[in-house]
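FYI, the numbering just counts along the sequence from 1.
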Amino acid sequence: MAHTAQERYSDLVLAKVRAELVLKDGIVFNNDYEGDPKAGAVKIPTRDGEVAASDYDKAAGLAPTTGATAYVTLPINKDKAVNEIIDGYDADSVPDNLIADRLDSAGYSLTKVIDTDGATELLGAGTAVGIAAVTAANVYAALVAQRTAMSKANIPAAGRYALIPPDYIGAIVTSPEFTQATSLGDEVKQSGAIGRIAGFTIYEWNDTTANLFGIFGHPRFATRVNEWQVPVKLQNLDGSGQWIGASAVQGRMVYAHKVLRSAGIRCVYAPN
């Protein structure tokens, strides 16, 4: 029963994390890796080219080509924990609504640190680009310039995103070329996007990096790895020698982020 509850609590917190993340899996980060994050490191495939397509000779056949997939080792460098005391209840008597509230809060707290750490990796390992000041009059041209640069770098068109700070959201959503998320279907709305413009799905990202106009990227070129090191549980504290009639919500998550190709993540700066 305890193990079942542990799995259920962990799943609830993980669902909260996935729902609340702005830098979501599958949209900003992929989850392609091999190995167990709990072991301290994983292997990430970093293939940059595509499988070669050649003319086929029915008589001679076709000589096989060698794959270009390489692997890099990613150390799991983040280890975050929650450990909040619930005073007045042992683990078996905590009311369900209180458990739900604490699990929701744990998911929210983990979301904030994972998002922040993910953005730090994007900003630190992406390609830094400086442009002229962005105004309502030229914001669409600024977005198209990033689209053009990514296309020239062979970044896939489908799946491109833009993380835009609040200072520039107003200029984008009032542009006549902007399409509201409500016009794009449920899938876009459910991802947290506010709309699309110039080939980018737009997400509002409350970042305070000086002069940041936005982060433009594709999930193929950045990886997130995360796993429960210790699944979430209600821990009875009566045997601790310090707390009496108390329990705690406890859990540990390990994770890491890595940009795989800097050209696929453009960090664009404009003077305010």
Side-chain angles (χ1 to χ4, degrees), residues 17 20-30 77-78 80 108-153 155-157 159-181 188 191-224 255-272:
V17 169
E20 294 292 334
L21 283 170
V22 178
L23 281 58
K24 293 184 183 294
D25 295 349
I27 293 173
V28 177
F29 293 98
N30 67 67
N77 60 354
K78 300 296 182 181
K80 302 295 183 181
Y108 180 81
S109 297
L110 286 169
T111 296
K112 291 302 181 184
V113 296
I114 293 172
D115 256 345
T116 299
D117 290 337
T120 298
E121 172 65 13
L122 297 178
L123 290 168
T127 299
V129 180
I131 62 174
V134 176
T135 66
N138 69 1
V139 66
Y140 184 66
L143 293 167
V144 170
Q146 301 315 309
R147 172 181 179 169
T148 301
M150 294 180 76
S151 294
K152 288 183 175 180
I155 307 304
R160 292 178 187 174
Y161 65 83
L163 303 172
I164 305 296
D167 287 343
Y168 292 105
I169 284 292
I172 290 175
V173 300
T174 56
S175 172
E177 295 83 2
F178 180 74
T179 303
Q180 298 281 354
V188 173
S191 75
I194 63 172
R196 284 182 61 82
I197 187 172
F200 296 101
T201 303
I202 304 297
Y203 297 87
E204 185 169 5
W205 171 239
N206 191 17
D207 191 279
T208 57
T209 302
N211 299 326
L212 180 68
F213 169 55
I215 302 174
F216 300 80
H218 190 284
R220 177 183 293 187
F221 304 107
T223 298
R224 171 184 285 143
Y255 63 91
H257 299 89
K258 187 172 182 62
V259 169
L260 305 176
R261 183 183 173 196
S262 61
I265 310 294
R266 294 176 64 81
C267 305
V268 181
Y269 298 85
N272 288 330

Between atom [atom1] of [X] and atom [atom2] of [Y], what is the distance when rounded to the nearest 0.5 Å?
{"X": "N211", "Y": "Y269", "atom1": "CG", "atom2": "OH", "result": "9.0 Å"}
{"X": "F213", "Y": "R266", "atom1": "CZ", "atom2": "CZ", "result": "11.5 Å"}
{"X": "H257", "Y": "I114", "atom1": "NE2", "atom2": "CD1", "result": "6.5 Å"}
{"X": "T201", "Y": "Y161", "atom1": "OG1", "atom2": "OH", "result": "11.5 Å"}
{"X": "L143", "Y": "E177", "atom1": "CG", "atom2": "CD", "result": "9.5 Å"}
{"X": "I202", "Y": "I169", "atom1": "CD1", "atom2": "CD1", "result": "6.5 Å"}

Could you tell me whether a side-chain N or O of [X] sits under 3.5 Å from a main-chain N or O of [Y], the two making a donor and an acceptor?
{"X": "S262", "Y": "T127", "result": "no"}
{"X": "N138", "Y": "T135", "result": "yes"}
{"X": "N30", "Y": "P219", "result": "yes"}
{"X": "D115", "Y": "L23", "result": "yes"}

Quiz item: So L122 and F29, side chain to side chain contact (heavy atoms under 4.5 Å, CB included) or not? Walk me through it.
Solution: CA-CA 10 Å; L122 297 178; F29 293 98; 4.0 Å; yes

Taking all non-hydrogen atoms of both residues into account, name the closest pair between [X] and [Y] and its distance.
{"X": "W205", "Y": "A119", "value": "CZ2-CB, 3.5 Å"}
{"X": "G264", "Y": "M150", "value": "O-CE, 4.1 Å"}
{"X": "A133", "Y": "A270", "value": "CA-CB, 4.4 Å"}
{"X": "V134", "Y": "Y168", "value": "CB-CE2, 3.8 Å"}
{"X": "T111", "Y": "V17", "value": "OG1-CA, 3.2 Å"}
{"X": "G217", "Y": "I265", "value": "CA-CD1, 4.1 Å"}

Exercise. Fit a plane to each ring of F216 and F200, take the angle between them on a 0 to 90° scale, and name the class: parallel (under 30°), tilted (30 to 60°) or perpendicular (over 60°).
Key: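 Perpendicular: the ring planes of F216 and F200 meet at over 60°.
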
Practice problem: Could you go through the side chain to side chain contact (heavy atoms under 4.5 Å, CB included) check for I164 and I194 one step at a time? | Solution: CA-CA 11 Å; I164 305 296; I194 63 172; over 6 Å; no

Quiz prompt | Test log, rule side chain to side chain contact (heavy atoms under 4.5 Å, CB included), inputs T174 and V139 | solution = CA-CA 10 Å; T174 56; V139 66; over 6 Å; no

Quiz item: Do R160 and H218 have a side chain donor and acceptor closer than 3.5 Å?
Solution: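 No.
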
Exercise. Give a yes-or-no answer on whether the side chains of S191 and Y203 include a donor-acceptor pair shorter than 3.5 Å.
Key: yes

Exercise. State, yes or no, whether a side-chain contact exists between R224 and L21 at a heavy-atom distance under 4.5 Å.
Key: yes

Practice problem: Determine, step by step, whether R261 and I155 satisfy the side chain to side chain contact (heavy atoms under 4.5 Å, CB included) criterion, reporting the C-alpha distance in whole Å, the side-chain angles of both residues, the deciding distance to 0.1 Å, and the verdict. | Solution: CA-CA 10 Å; R261 183 183 173 196; I155 307 304; 3.8 Å; yes

Self-check item: For D207, the option from L123, L163, D167 that meets side chain to side chain contact (heavy atoms under 4.5 Å, CB included)
Solution: L123

